[in-house]
Enquirer: 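I am attaching a structure below and will ask some questions about it afterwards.
The basis for the numbers below is simple: all heavy atoms, side chains too, and nothing from hydrogens, waters or symmetry mates.
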Amino acid sequence: MALKPGTPQTIYMGVTRHDSAGTAPGVYRSTDGGQTRNLVYTAPFANSTSDVRVAVTAADAQKVYVYAGGRDTVGGQLLLRVEVSSDGGGTWSNRGTRTDIDGGQFDYNTYIAVSPTNANTIYVGSRDIFRSTDGGLNFNNIVGNFAAPTFADYTPDQATTHSDQQTLAFSPTDSNTIYFGNDGGLFKTTNGGAALQSLNNALSLTQFVGYAIDPTDATRSYGGTQDNGSQRRQTGTSQWAEVDGGDGGNFVVDAVTPSIVFSTYIYGSITRFTNFGATRDQGVATNATFGEPKDNPRIDFYPPFVGNGVNSKLYFGTWKLYISTDRGNTWNATSGTDLTAGDPDTLSAIAVAKSNTNTIYVGSNQGRVQVSTNEGVAWTDITAGLPTRTITGITVNPTTPATAYVTVSGFGSGHVFKTTNTGGTWTDISGNLPNIPTNCLLIDPQNANTLYVGTDIGVFISTTGGNTWTTFNNGLPPVVVMRLVNSGNTIQAGTYGRGAYQLNDVGGGSTVQFSAANFPAAENAGFINVTVSRGGDTTGASSVAYATSNGTAKEGKDYVAAVGAVSFAAGETSKTFPVLVIDNAFVDGTRTINLTLSGATGATLAPQSTATVTIADNDVAPGPNPLDTARSFVQLHYYDFLGRYPDSGGWDFWTNQTTGCGNPDPLVCRINTSASFFLSTEFQQTGYLVERFYKVAYGDGTGTSTFNGAHQLAVPIIRFSEFLQDSERIRRGVIVLQPGWDTLLESNKQAFASEFVQRTRFTDVNAFPTTMTPTAFVDKLNTNAGTVLTANERTNLINLFGGAGNTSNTTVRAQVVRQVAENTALSNAEFNRAFVLAEYYGYLRRNPNDAPEPTLDYTGYDFWLTKLNQFNGNYINAEMVKAFLTSTEYRARFAP
């Protein structure tokens with residue numbers, strides 16, 4: 001399909017089959033964005049048309065090219081044609097039957113593209129790339145994998161890129177810079193194709209079809225890849241080397257002598273290697289070995305090929321099962337039985353029970369499954385209960401031959417099935433798996449009740465033997481996973497398009513997860529402690545981040561956001577964190593809070609990395625607003641400004657101040673109490689310090705305001721979500737005036753500063769890369785802070801780096817940033833801005849320019865900052881705290 005340059009409503013569509021009666025293959029044009037379409041080019045091959053491709057160019061919007069192919073109705077020969085229209089598809093000029101373009105694998109790798117700056121420069125993709133510079137009259141091969149004139153000779157040593165072209169893209173700034181995608185990855189030219197270079201060294205694009213691992217050494221891996229040969233991993237590295245060319249298939253590592261490995265090519269080709277795959281020994285099978293012809297054998301393109309994990313026997317599937325007992329030198333069919341659904345069906349999966357190698361399961365592309373318990377002498381059809389779809393994998397329990405699992409491709413009913421009676425019956429254990437193709441299954445090496453499946457969107461895990469599944473990508477992209485294998489406690493995944501991945505110490509390493517799927521809480525309980533459990537190896541330290549998010553409960557109305565981390569010391573297996581629950585006056589029924597764990601260090605996430613808090617409503621009728629009760633009023637201020645449940649002493653003190661501060665106006669007492677939470681040492685040393693860290697690191701943000709006329713203004717750059725997370729990091733466990741509070745606060749500040757300066761945002765090349773000189777580092781911080789340092793302060797901070805030429809010392813970077821953030825001049829200058837910001841964060845639980853702000857900008861913030869500055873920071877005379885306390889938005893958080 002192609003869009004007319006400058007007129008995107010005009011669409012050209014190449015069609016090989018049209019289901020409407022009386023319509024033909026060819027090119028259809030729509031001038032109304034696809035609503036209606038008309039045939040403007042009829043393919044000359046009628047119903048034998050194999051493919052039709054269409055291309056346009058910005059160099060001439062009226063010019064349209066077609067590249068089509070089909071079979072000669074007389075001899076059945078493939079004919080190719082390039083035609084061009086110079087009037088948008090009205091008339092066409094045939095450039096002649098092409099003998100200068102390779103027709104090999106036509107309609108598998110087929111495209112046509114036109115230079116956006118030269119309407120006569122055309123590129124056609126087949127197994128090679130062909131270029132015309134005269135509008136399609138003549139084409140030249142610019143790759144050279146297949147030699148003209150017959151294109152029968154394969155000459156990869158003379159080629160400039162891999163064969164089998166799939167796609168092309170022109171650079172938007174230079175039409176001579178072109179990117180070519182083919183079965184070998186991504187390549188680039190900067191001179192229109194005269195020379196090409198590979199871009200694959202920095203990409204992980206390998207499409208693994210088969211994958212195997214040394215049973216005793218997880219650093220030795222092997223894989224067959226789509227059109228990129230059979231590969232072996234270079235020991236102890238992430239680099240791979242090709243040991244055989246073409247389309248690599250399945251590998252087998254000899255269980256007795258792992259230095260001997262076997263690989264398959266397509267169909268019946270098997271090769272034996274020694275020296276851990278480094279040395280080619282000999283070919284041990286061809287199509288003829290299995291009684292099949294050279295062309296069109298009844299063998300899968302990537303045939304099933306396995307060992308048994310016990311001895312050196314090899315098992316190979318065609319439509320029968322063959323076994324070799326001498327490492328491939330000879331092969332024997334187990335019987336003459338057709339183990340498939342009949343011609344043309346072929347076997348697609350084989351599994352041999354490790355605990356009893358007489359038990360063998362096989363599956364086919366059309367969904368037939370059979371089992372033998374006497375090493376293939378007799379077979380039993382056990383297909384009943386399984387869907388009629390391709391069997392992608394069979395896995396046998398390592399200790400119980402009667403227990404096996406089948407995975408199936410396609411869509412519809414289940415994708416994972418289990419038998420515990422050698423196929424007598426099957427149980428669908430797909431459970432909550434997505435409705436997508438499932439390609440393989442691995443039983444956990446430590447716990448047979450833990451299962452991993454590889455699907456078209458990554459890996460899923462079940463710790464309950466099936467039915468309940470959780471995504472388990474853990475750093476793996478959501479890509480097609482073809483094979484899951486293990487060597488001891490190490491699991492590796494071979495993916496189709498993103499290379500190979502490894503998961504270390506399965507079952508032996510440390511794991512973290514919530515202790516329960518749900519944590520019930522009473523609305524009037526004040527808080528609920530959520531438990532995070534650690535299992536596996538707990539001899540080291542580990543940590544994991546946690547966060548809450550809205551379920552049916554709403555932050556600020558039903559609960560207070562909890563964002564932070566828990567840390568486990570050696571030997572610790574359980575930690576808790578509180579989620580503050582608000583006792584509001586709404587009758588809103590049971591509500592839920594989502595809990596999520598992420599970013600585990602020193603551990604991996606176990607399946608229960610998400611959970612919920614369920615709040616039971618205690619209201620049967622709307623009650624008074626809790627803000628109107630002194631004790632609740634104070635409690636909510638602890639929640640909103642200090643992020644914790646009130647300590648009893650502080651709670652009592654501020655409750656008394658709210659009702660008896662000595663002023664006859666009770667509202668004044670409430671205002672003073674409220675403001676005191678912002679002014680408190682605890683907030684000033686946590687939340688306000690975080691605001692200044694962001695100011696020093698990133699300067700000011702820019703906001704818009706309509707107060708006193710539309711204009712822009714400098715505003716704090718920190719956002720509410722950042723404030724919540726980082727304030728929690730500094731105040732973690734701190735209760736001012738409690739024993740040891742100052743020591744804990746200092747420790748938290750040091751840890752936060754160190755973490756802050758190591759964040760990617762801070763070390764970015766446009767922020768504070770470690771290559772910066774000390775002088776440049778300090779000066780940029782000072783500029784962001786508003787030039788608050790004296791000359792001596794500036795010099796002292798530069799000198800902290802001890803004369804180094806750069807600022808790579810993380811400890812010193814943290815010290816310098818913190819000292820600027822704690823600078824008295826900065827604290828004084830930023831105070832009023834932070835006070836106004838805290839009103840929005842504390843009372844309204846949002847950014848100043850978030851909804852329901854009427855103008856969705858900083859007009860309100862600008863108004864209150866102007867008033868606070870006008871009254872020299874006197875919040876009472878400015879009536880700022882009073883306004884937020886009595887605002888409808890604040891009060892509506894807690895009552896109708």
Side-chain angles (χ1 to χ4, degrees), residues 209-225 229-233 235 241-292 297 299-300 302-318 320-335 339 347 349-362 372 374-377 394 396 398 483 485-487 494:
V209 174
Y211 200 94
I213 191 171
D214 189 301
T216 60
D217 185 352
T219 67
R220 300 186 185 277
S221 310
Y222 309 88
T225 69
S230 297
Q231 303 274 340
R232 65 184 286 265
R233 182 181 174 193
T235 306
E242 184 175 293
V243 298
D244 207 354
D247 288 279
N250 288 299
F251 262 88
V252 172
V253 179
D254 190 285
V256 178
T257 309
S259 61
I260 300 174
V261 298
F262 301 82
S263 74
T264 62
Y265 177 47
I266 60 174
Y267 303 121
S269 177
I270 306 176
T271 301
R272 183 172 64 211
F273 296 86
T274 59
N275 192 22
F276 301 100
T279 303
R280 183 188 182 95
D281 184 11
Q282 66 181 69
V284 295
T286 64
N287 292 355
T289 304
F290 306 109
E292 296 293 324
I299 307 175
D300 210 8
Y302 295 115
F305 176 51
V306 302
N308 58 30
V310 177
N311 53 43
S312 297
K313 286 185 179 181
L314 300 171
Y315 306 79
F316 186 87
T318 61
K320 297 185 286 187
L321 179 72
Y322 287 81
I323 300 178
S324 173
T325 60
D326 54 8
R327 292 180 169 138
N329 290 324
T330 59
W331 293 87
N332 295 291
T334 57
S335 71
L339 300 176
L347 291 180
I350 305 169
V352 183
K354 188 174 182 179
S355 60
N356 182 351
T357 59
N358 288 320
T359 300
I360 307 172
Y361 297 81
V362 296
S372 172
N374 53 10
E375 204 174 26
V377 175
I394 304 175
V396 187
R483 295 289 185 270
V485 299
N486 75 286
S487 177

Enquirer: So which heavy atom on Gly277 is nearest to which on Val243, and how close?
Expert: O-CG1, 3.2 Å
Enquirer: I'd like to know if the side chain of Ser487 and the backbone of Asp214 have a donor-acceptor N/O pair within less than 3.5 Å.
Expert: yes
Enquirer: What pair of heavy atoms forms the shortest contact from Arg327 to Phe262, and how long is it?
Expert: O-CE2, 3.3 Å
Enquirer: Could you check if a side-chain atom of Arg483 sits within less than 4.5 angstrom of a side-chain atom of Ile213, using non-hydrogen atoms only?
Expert: no
Enquirer: Taking it one step at a time, do Val306 and Asn250 satisfy side chain to side chain contact (heavy atoms under 4.5 Å, CB included)?
Expert: CA-CA 8 Å; Val306 302; Asn250 288 299; over 6 Å; no
Enquirer: Does any N or O in the side chain of Arg272 come within less than 3.5 Å of the main-chain N or O of Gly328, such that one atom is a donor and the other an acceptor?
Expert: no
Enquirer: Evaluate side chain to side chain contact (heavy atoms under 4.5 Å, CB included) for Arg220 paired with Val261, printing each intermediate quantity in order.
Expert: CA-CA 11 Å; Arg220 300 186 185 277; Val261 298; over 6 Å; no
Enquirer: Give the minimum heavy-atom separation between Asn287 and Pro297, together with the two atoms involved.
Expert: ND2-CG, 3.4 Å
Enquirer: Looking only at non-hydrogen atoms, find the nearest pair between Phe273 and Arg280 and report the distance.
Expert: CD2-CA, 3.5 Å
Enquirer: Looking at Thr318 and Lys320, would you say the former's side chain and the latter's main chain have a donor-acceptor pair under 3.5 Å?
Expert: yes
Enquirer: Could you walk me through whether Arg233 and Phe276 pass the side chain to side chain contact (heavy atoms under 4.5 Å, CB included) test, one step at a time?
Expert: CA-CA 10 Å; Arg233 182 181 174 193; Phe276 301 100; over 6 Å; no
Enquirer: Could you check whether any side-chain heavy atom of Val253 comes within less than 4.5 Å of a side-chain heavy atom of Phe251, counting everything from C-beta outward?
Expert: no
Enquirer: Answer yes or no: is there a donor N or O on one side and an acceptor on the other, between the side chain of Tyr211 and the main chain of Ser221, under 3.5 Å?
Expert: no
Enquirer: Just say parallel, tilted or perpendicular for the rings of Trp331 and Phe305, cut-offs at 30° and 60°.
Expert: tilted
Enquirer: Distance only, no hydrogens: is a donor on one side chain within 3.5 Å (strictly under) of an acceptor on the other, for Tyr302 and Asp247?
Expert: yes
Enquirer: Looking only at non-hydrogen atoms, find the nearest pair between Ser355 and Pro398 and report the distance.
Expert: CB-O, 3.3 Å
Enquirer: Using the rule given for side chain to side chain donor-acceptor pair (under 3.5 Å), can you reason through Tyr265 versus Asp244, listing the C-alpha separation, both sets of side-chain angles and the distance that settles it, and then say yes or no?
Expert: CA-CA 8 Å; Tyr265 177 47; Asp244 207 354; over 6 Å; no
Enquirer: Does the side chain of Ser324 pick up a donor-acceptor pair with the side chain of Asp326 at under 3.5 Å?
Expert: yes
Enquirer: Can you tell me if Asp254 and Ser312 form a side-chain donor-acceptor pair at under 3.5 Å?
Expert: yes
Enquirer: Please report the shortest heavy-atom distance between Thr334 and Glu375, naming the atom on each side.
Expert: CG2-O, 3.9 Å
Enquirer: What is the distance from atom OH of Tyr315 to atom OG1 of Thr357, rounded to the nearest 0.5 Å?
Expert: 5.0 Å
Enquirer: Output, in order, the C-alpha distance, side-chain angles, deciding distance and verdict of side chain to side chain contact (heavy atoms under 4.5 Å, CB included) for Phe290 and Ile270.
Expert: CA-CA 11 Å; Phe290 306 109; Ile270 306 176; 4.0 Å; yes
Enquirer: Could you measure the distance from the CD1 atom of Ile350 to the CG atom of Asn308? Nearest 0.5 Å is fine.
Expert: 12.0 Å
Enquirer: Let me confirm one number: the CG-CD1 distance from Asn374 to Ile360, rounded to the nearest 0.5 Å.
Expert: 8.5 Å
Enquirer: Measuring only between side-chain heavy atoms, which start at C-beta, is Phe316 closer than 4.5 Å to Val252?
Expert: no
Enquirer: Is a donor on one side and an acceptor on the other found under 3.5 Å between the side chain of Ser269 and the backbone of Ile266?
Expert: no
